[in-house]
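Structure first, then comments.
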Amino acid sequence: MRVIRRVKEMVKAAERWRRRGATIGFVPTMGALHEGHLSLIRAARREHDVVVVSVFVNPLQFGPTEDFARYPRDLPRDARLAASEGTDVVFAPEASEMYPAGCCTRVEVEGLSHRLEGAMRPGHFRGVTTVVATLFHIVQPTTAYFGQKDYQQAAIIKRMVQDLRLPVRVRVLPTIRELDGLAMSSRHASLSQTERRQAGVLFRALTSAEDAIHDGERDPHRLRRRISRLIQQQPRLRVQAIAIVDAVTLEPVKALTGRVAILVAARLGRTRLIDNLLVDVT
Ligand code: PAF
């Protein structure tokens, strides 16, 4: 396995593979790889000739008061883990490579990027779509893999690919969870033991809402109150958002019907937790 740090070198490698007719599976990450990322890498490995994993903590998607400086960084560990799953190339550029002096173009998916998570983190999704579009041009993947845990992010990237006719297939794979249901995330490394124990309530609240829907609940307000009540049983958790939205448009639903996504965001100490569940309401 090779670690490539230069954009030019990555473009050359991708062009060489493409000329030979090889397919490229691509897993974009910000590093601090965990089982969720590894499941994406395994899928890319099964489905493609070449696997590229990018490791880049993208400054554009962090707000001025967010955890950019604290975000975990350990490239040797990430490279080892990626190699153990059969990755061919880890692409780990410096910020100055991705955004050289004078670079001022941004990619933005309007509407979808400003709702929910986007309303709480202004500019976040513009940073994500800018870096993902740039990475797609550099790595030239056949398929790019994302986790369902970042549900809104995946919906926005799909929209961007569709609108810009980017020649890449987007695959969104199920969230990988800890034993207590907590969705795996690189940010959880910063939770204390007590916080970690409390964090599991997020998934329990989501599954309780799913059970209520299966038992006939159709009122989104009552469901939101139920989720909020459950989460607040853990004293350190602060609910930031609970939304019940159409699974494709991410518009809030007035009545529960069809495929809906239940999205939750909460703060636990200095860590922000997000999770979601897709439910088919029959
Ligand atoms: O999900 C992430 O880790 C990041 O938002 C991504 C897609 C790698 C872009 O920086």
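It should be emphasised that the depicted structure is a prediction, and the values quoted were computed from it without experimental measurement. Just follow the structure's listing: the first ligand is 1, and inside any ligand the first atom is 1.
Taking any N or O of Q61, backbone or side chain, at least one lies under 3.5 Å from an N or O belonging to ligand 1.
Remark: of the listed residues R270, R73, R187, R187 is the sole one forming a salt bridge (Lys or Arg N to Asp or Glu O under 4.0 Å) with D67.
With a 4.5 Å cut-off on side-chain heavy atoms, I274 and N276 do not count as touching. Counting heavy atoms from C-beta outward, I227 and R224 have side chains that stay 4.5 Å or more apart. Between L278 and Q148 there is a side-chain heavy-atom pair separated by less than 4.5 Å.
Near V131, the atoms of ligand 1 lying under 4.0 angstrom from a non-hydrogen atom of the residue are 9 (C), 10 (O). The atoms of ligand 1 that sit less than 4.0 Å from any heavy atom of Q153 are 1 (O), 2 (C), 4 (C), 5 (O), 7 (C). Residue T29 has at least one heavy-atom neighbour below 4.0 Å for each of these atoms of ligand 1: 8 (C).
Here the closest heavy-atom approach between residue I244 and residue P220 is recorded as CD1-O, 3.6 Å.
Residue-level proximity to ligand 1 for I157 is absent, since no heavy atom of it falls below 4.0 angstrom.
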